[in-house]
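Okay, structure first, notes after.
A, B, ... follow the sequence lines: proteins, then strands. Residue 1 opens every chain. Computation of the quantities below employed the complete heavy-atom set of this structure, encompassing side-chain atoms and omitting hydrogens, waters and symmetry-equivalent molecules.
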There are 2 protein chains.
Amino acid sequence: MRIRVLGAAAGGGLPQWNCTCTNCSALRNRQPHIQSRTQSQLAFSADGEAWYLVNASPDLREQLNQTPVVHPDPSKGLRNTPVEGVILTSADLDHVLGLLLMREFTPVRIYATETVRSILQANSFFQMLDRLPGQSRWTTIEPGISFSEKSGFTCTPIAIPGSFPSYVAEEHRIALDGDSAVVGLLLESAQGKRIAYLPALPSVSSSLKSTLSTCSVILVDGTFWSDDELQRIHSMGHLSISGPEGSLAAFRDCADIRKIYTHINNTNPILNEQSRERQLLEDAGWEVAYDGMEITL
Amino acid sequence: MRIRVLGAAAGGGLPQWNCTCTNCSALRNRQPHIQSRTQSQLAFSADGEAWYLVNASPDLREQLNQTPVVHPDPSKGLRNTPVEGVILTSADLDHVLGLLLMREFTPVRIYATETVRSILQANSFFQMLDRLPGQSRWTTIEPGISFSEKSGFTCTPIAIPGSFPSYVAEEHRIALDGDSAVVGLLLESAQGKRIAYLPALPSVSSSLKSTLSTCSVILVDGTFWSDDELQRIHSMGHLSISGPEGSLAAFRDCADIRKIYTHINNTNPILNEQSRERQLLEDAGWEVAYDGMEITL
């Protein structure tokens with residue numbers, strides 16, 4: 001199985017349009033110790049032909065352009081794509097706006113929990129995905145229930161404590177199952193190798209940790225280095241990297257797993273390749289995802 | 001007044017993610033006679049300090065990144081922007097999705113007709129622009145009614161026959177004024193020089209033509225070369241360039257105006273710098289907009 005990180009930044013990307021933090025400024029000044037990153041986006045393929053996207057970031061148009069394996073094939077007609085489906089982990093704008101960029105009459109299958117589907121289908125913008133019969137096809141997924149696709153992978157959504165996106169109205173929330181507003185994903189190759197993708201992770205329970213310990217690779221929420229990095233409103237739903245309750249400590253004993261941080265906020269010091277924080281993290285056996293990073297299972 | 005084309009392509013951009021047309025394929029094969037283009041986006045400034053966006057394309061994050069004059073200023077704090085406002089010409093997704101990328105708590109003023117504002121405010125996604133009091137401020141504009149800003153320009157919305165975006169529900173349309181679903185813009189500098197921006201133009205009336213004849217520069221809908229270029233559903237609302245009813249013919253006698261095509265669909269042969277169509281257009285005194293094009297009035 002090939003997994004490709006198309007975007008490794010949190011919402012806003014790196015640099016962020018209105019931000020003058022050390023990282024954003026270093027990028028605008030073309031300093032060599034930091035790379036720009038688009039908003040978090042994953043693609044994977046079990047057979048190298050059918051590709052699946054995990055979420056659909058606002059940067060998807062550029063991310064697909066930069067990735068030849070997902071370009072359309074001129075021998076297959078005027079309009080086509082190797083992208084067979086999109087698996088959503090939440091209804092956050094940073095994870096779904098890209099769907100609205102895929103609306104030019106090419107069929108797409110969308111995998112989402114009933115909660116995520118209900119939130120999106122209540123939004124009139126998503127009617128743009130239904131201008132032709134069969135243009136968008138929804139498949140309901142549920143935490144703990146695996147599904148397989150013929151190209152040779154199994155995907156198991158993982159229950160993650162999470163909240164509704166702020167744009168969801170109070171009266172709509174009442175009718176929704178809050179326990180499936182956010183999921184992680186466990187992807188398994190035909191050979192039984194596993195990778196976990198958890199771009200939003202508020203805490204690490206012991207049951208989650210035992211699930212992750214069956215993985216060869218984990219791609220984990222690296223939004224913030226510390227809890228007080230940004231206004232509190234931002235940090236909700238994201239475990240910090242450092243600190244006694246942070247993800248570095250939580251996975252300290254998982255030496256056999258390849259551990260990669262992704263969904264990294266523009267203010268996070270680990271983005272600076274010469275920072276003390278980056279060094280600490282690498283000393284603990286972690287890597288930092290970047291746009292174009294390829295992982296083979 | 002400085003006007004900068006941040007994106008010159010129609011919706012979908014160039015190349016388009018799922019398209020194998022001659023232009024998209026030529027770009028993927030890195031042929032030298034064609035340039036990539038992001039989705040249509042304009043920025044302008046009367047004083048070189050306060051910048052205004054015309055529309056907010058889905059590619060806005062990358063377009064702002066590529067344009068140093070609209071970067072935030074480190075001497076003005078952690079979060080700031082020289083972008084003072086966004087003037088909308090319609091509620092089409094290709095013209096508004098970028099607003100959702102500007103939501104990181106920086107105040108923005110949005111100029112829109114009552115119709116466009118009503119369509120957008122009915123959509124829950126736009127609540128993300130109201131997470132802080134005063135974060136988004138709406139100013140209502142009307143065709144034929146000029147407004148001025150202190151940095152030194154006057155803007156007059158121009159009535160354009162247009163339709164509602166397809167995502168607007170039938171029951172909502174009844175309550176809306178269809179005559180202000182789409183507008184063009186006439187921008188005038190303090191010195192009285194004028195530029196018109198008409199990214200969607202279904203026809204050229206004699207009154208519109210006399211308005212445009214007062215301009216130094218016109219940036220005009222160049223979506224399609226011919227009416228049968230693409231599925232009919234796409235071409236609605238866009239006058240073609242060629243043909244007896246096309247824009248080349250309509251402006252044949254306007255030799256004194258600088259004439260530029262923008263909002264160009266990926267299938268349009270004028271994008272190929274070596275095409276017969278490009279030559280015809282240049283022979284008629286027209287230019288083709290590109291990302292980064294700067295116009296000074």
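- Using modelled atom types, one side-chain atom of T20(A) and one backbone atom of L78(B) make a donor-acceptor pair closer than 3.5 Å.
- Atom OG1 of T67(B) sits about 13.5 Å away from atom CH2 of W17(A), to the nearest 0.5 Å.
- Separating the CG atom in L100(B) from the CZ atom in F125(A) is a distance of 6.5 Å, to the nearest 0.5 Å.
- If you tally non-hydrogen atom pairs under 4.5 Å between each of E62(B), Q127(B), H71(B) and chain A, the highest count goes to H71(B).
- Note: P15(B) leads P165(B), P68(B), P15(B) in heavy-atom pairs under 4.5 Å with chain A.
- Within the 4.5 angstrom heavy-atom criterion, no atom of S75(B) approaches chain A.
- When each of L27(A), L60(A), V83(A), N80(A) is scored by its heavy-atom pairs under 4.5 Å with chain B, the top score falls to N80(A).
- With a threshold of 4.5 angstrom between heavy atoms, T38(A) approaches chain B through its backbone and through its side chain.
- The side-chain heavy atoms of P72(B) and Q16(A), taken from C-beta on, include no pair separated by under 4.5 Å.
- Interface summary for chain B: among S166(A), C24(A), C19(A), the most heavy-atom pairs under 4.5 angstrom belong to C19(A).
- Only the side chain of T81(B) comes within less than 4.5 Å of a heavy atom in chain A; its backbone stays farther off.
- Looking only at distances, no side-chain donor or acceptor of R79(A) sits under 3.5 Å from a matching main-chain atom of C21(B).
- If you measure heavy-atom distances from S124(B) to chain A, the contacts under 4.5 Å come from both the backbone and the side chain.
- With respect to L101(A), the side chain to side chain contact (heavy atoms under 4.5 Å, CB included) criterion is satisfied by exactly one of L97(B), D59(B), L93(B): L97(B).
- Contacts of L14(B) with chain A are made by backbone atoms alone, with heavy-atom separations under 4.5 Å and no side-chain atom involved.
- When each of G13(A), G98(A), P58(A) is checked for heavy-atom pairs under 4.5 Å with chain B, G13(A) comes out on top.
- For a residue to count as touching a neighbouring chain, one of its non-hydrogen atoms must lie under 4.5 Å from one of that chain's; by this rule N65(B) touches chain A with the side chain only.
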